[in-house]
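Right, one structure below, let's go through it.
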Amino acid sequence: MAGLLHLNSTLLPSASLLLRNRSGGQAVRRRRACRVEAKIREIFMPALSSTMTEGKIVAWNAAEGDRLAKGDPVVVVESDKADMDVETFYDGFLAAVLVPAGESAPVGSAIALLAESEDEIPLAQSQAASFSSSSSSSSSSSPPAPQETAAQEASPPPPPPAPVAVSAPAPPSPAAQGGARVVASPYAKKLAKELSVDLFSITGSGPAGRVVAKDVEAAAAAPAKKAVPVAAARPDVPLGSTVPFTTMQGAVSKNMLESLAVPTFRVGYTITTGALDDLYKKIKGKGVTMTALLAKATAMALVQHPVVNSSCRDGQSFTYNSSINIAVAVAIDGGLITPVLQDADKLDIYTLSRKWKELVDKARAKQLQPQEYNSGTFTLSNLGMFGVDRFDAILPPGTGAIMAVGASQPTVVGTKDGRIGIKNQMQVNVTADHRVIYGSDLAAFLQTLSKIIEDPKDLTF
Amino acid sequence: MHSGVAVSAPASASAIAGGGARSEAAAASRRPGGIRLCGLRGEALARGSLRISHAPAAARRVAAPRAAAAAPQNGAVAGGGFDYDLVIIGAGVGGHGAALHAVEEGLKTAIIEGDVVGGTCVNRGCVPSKALLAVSGRMRELHDEHHLKSMGLQVSSPGYDRQAVADHANNLASKIRSNLTNSMKAIGVDILTGFGTIVGKQKVRYGKVGFPDKEITAKNIIIATGSVPFVPKGIEIDGKTVFTSDHALKLESVPDWIAIVGSGYIGLEFSDVYTALGSEVTFVEALDQLMPGFDPEIAKLAQRVLINTRKIDYHTGVFASKITPAKDGKPVLIELIDAKTKEHRETLEVDAALIATGRAPFTNGLGLENINVVTQRGFIPVDERMQVTDADGNVVPNLFCIGDANGKLMLAHAASAQGISVIEQISGRDHILNHLSIPAACFTHPEISMVGLTEPQAREKADKEGFEVSVVKTSFKANTKALAENEGDGIAKLIYRPDTGEILGVHILGLHAADLIHEASNAMALGTRLQDIKLAVHAHPTLSEVLDELFKAAKPKEGQERKPKHPPQLLLKVLSFITSVLSSKQ
């Protein structure tokens, strides 16, 4: 389905449409139903001591989509001081993490959603979107986007938008960021982080123009007036009316059309993921995500097949990219964006995972800098967490290939010795620009990728 | 006092008996003959002598009661034609501890001091900093509304008077200084004023710097000249905006923003003081993580408790290559370079900078060249008995060096313990101090304390020597007293050998950690095994139950028992009877 696109202007894909339909149409009904049955439960920040008012998430032991049994440790919370494992009280699937590792939440507030069955994960994720939009509205001065759809890093393909499109609601700054520096006191820096205030946008009142705590507080208080009370999260889609595209959606539409000018073709492959799943279980406690693992594996395969990392800019030549930058599609309110893991082949998996987390946080806060979403050389789109087993992505203009990743599921397979067994397998499907990338290139690339994933020890080097 | 001690006699005797072979190394060497040691305590107690106090100087430092009791007096005449049996150069805590013990042993003793009695610890270190930390602890509490409210207290806008705080620190130093001076005068130690220089074998001159005009001879000499703050090159100290702990303790100002170069004990304690008084702090640390030297787990937690929640930020893996004091309206400038690549990283502009990069030995002008001794980075080389070794690696007879000047373990109480160890040797009893059983503490809020090995050190040792290491931990949150105080933050960690039950290290972060550590350090010094100490009883509810928890959580392997679980009471009684008979004959 979906596609994605991009170019240098904006993006947004049809994927979001799709999702929107889903959650729009049926979800309304479904949601109502679920309320009654309460199949989606919130996991709360526990009070680990009598003095604790808020807790910080040190690490999630489970990733979104993981199955949890009652009593499993889900998250490590740092209370007043000690780290404590917090267990879940119910069986289910961790559907959405509302407070990522490293952030704090008041005691009693929801930090994650637990879905009773896998089917309800998307629904929970859409609820999560409302959580995050309502909570972010208070702190960040940003964007409204009364939109629907899933929040999660789920989704489809897409690509990089132009700064214009997305930055409309964004805060002032970036210009200054170049090489300039801001002198800010330690507490001012801490406050700025807490209050999501950009230090570059503040004029300091301290000695020699230093930014001090009260400057940050003043800056944080100021924008409050313009903070549009973001429409109560997730309004239902106004059935029977025509709603114009937002800027981002407009950009997606434009890119989608442009993508029609590129002669694409597709090659699919089935990869056994048992070893990868095992590795993931081992290291997810250290903050490693499946997305980072896939990006890393893809980057390593691209090292051996530079042509798959190339693109055709003018219809007459190969542009071989010097870095391997993996763009990963993420659905956000009202659209889709592709944060880029730059030099994914060179970074170790832990750094990559941290980086990814940062990017997703920034994407949700709509604070990605242009080079953080438009420098991709190869795009990944993963709908596996929704249980999608295979799909087909649209090539973002300006790049050579995009890979659509389906869910890994137990599959009955015949083994070489003539027996029948069950293995976890996932299907991937690469869409490429045939002007530069030929069928044999993709086939060889996919074979390399499957070898890496089936024997993933090099991923953690 | 006697009765108090007497009651504890059986307990200490049995603890020693239960303590396995190691205790002999640590404690036995008082008298030739291993077994006597059990009786030794009995003997000492029976006579009411204070000789048993092996305890390092802390207890002696406030020596009033001891001076009042029938204290020993300085030996009237030195033996062998010397002016003194012992001359100590430097009247810091190390020299003081040695002097007191020497007089007790009947040695005619003099101590030479060129500055003020008490040295770094009393005048520019542990003592005044504790006064400031006492203030910061209270300020912190008073400002923690949430904490107070949860206990039902209301306080409105607490504030402080900087000068009064500074005076408190200064007064405390004077008071301890005069206690120290009096304790030495009371027992007749000659306090000679001037800088001491060794001019030859058993010969010392002292007087004004460069003009040592008086010469004395001594059978034995102890160098205890201590250390001064270390200032890396490129850093210009002006004493006002760029300064060391010496100036900082005077608290002449409380800057809005202060950079602290070095995140060891000194830096950490000052960050506690400054942030409590309203400053913001930036740490500059050359290593890749803050608080190097602490057990990594403790450092991690300490960072969370003592740094992340406060108005502190930090730069790690950087050197402060150049620091320029504030002048002409410009702030203090600190150039940071990458510790590895030496590339310029950043320039900080702050209101003040405290240099807490460690301490350098103060050994210049000691006349070491006269006796063919060469310092190593300023430290005086010594063997395990604190005997100074010369350039050829031979022991220089009758010359010892204790404390910061030898660099073995730069802590006041270590210096004192080394001094006492030296006196033991001079008095004819071989003694080797076990440095691993010396505790250390950092007086932040909450406090951090430790003794023995860190977990990585223990594991490394275990790998090399082929034994197993186990670790148990407990949280202050599980302690009733800590919760009553609303101070449940903190952990205690025990590292031990499950095969023998030997304690390898204990690390505590939490309320009164500095006071709690001694149960562990004493157990280590005496070689007490976990199998035995876990049966000891702790009053409830007290913080000491944190350690009780640790000991009880440890699982030493049974079946390796080297001694019966219960000390043979009958044998003990017989032994102590015999020794008391013997000693009364003497």
Worksheet item: Where do W257(B) and R210(A) land on the side chain to side chain contact (heavy atoms under 4.5 Å, CB included) test, with the steps shown first?
Response: CA-CA 11 Å; W257(B) 183 3; R210(A) 173 194 304 168; 3.3 Å; yes
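- Enclosure of atom NZ in K322(B) is not indicated, since only 12 or fewer non-hydrogen atoms of other residues, nucleotides or ligands lie within 6.0 angstrom.
- With sequence neighbours left out, E487(B) forms a salt bridge (Lys or Arg N to Asp or Glu O under 4.0 Å) with no residue at all.
- Within a 6.0 Å radius of CZ in R138(B), no more than 12 heavy atoms belonging to other residues, nucleotides or ligands are found.
- Across all non-hydrogen atoms, the minimal contact from K190(A) to R310(B) is NZ-O, 2.5 Å.
- To the nearest 0.5 Å, atoms CD1 (I312(B)) and OG (S185(A)) are separated by 12.5 Å.
- Contact check on K193(A) versus D313(B) returns no salt bridge, with no Lys/Arg side-chain nitrogen under 4.0 Å from an Asp/Glu carboxylate oxygen.
- Annotation for E346(B): atom CD counts as buried by contact number, over 12 foreign heavy atoms lying within 6.0 Å.
- In this structure, V281(B) and P186(A) approach most closely via the heavy-atom pair O-CG, 3.3 Å.
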Worksheet item: Hey, mind stepping through K311(B) and L191(A) against side chain to side chain contact (heavy atoms under 4.5 Å, CB included) and telling me if it holds?
Response: CA-CA 9 Å; K311(B) 297 175 181 178; L191(A) 268 183; over 6 Å; no
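- P207(A) approaches D351(B) most closely through the heavy-atom pair CG-OD1, 4.3 Å.
- Not a single salt bridge (Lys or Arg N to Asp or Glu O under 4.0 Å) links K355(A) to another residue, sequence neighbours left out.
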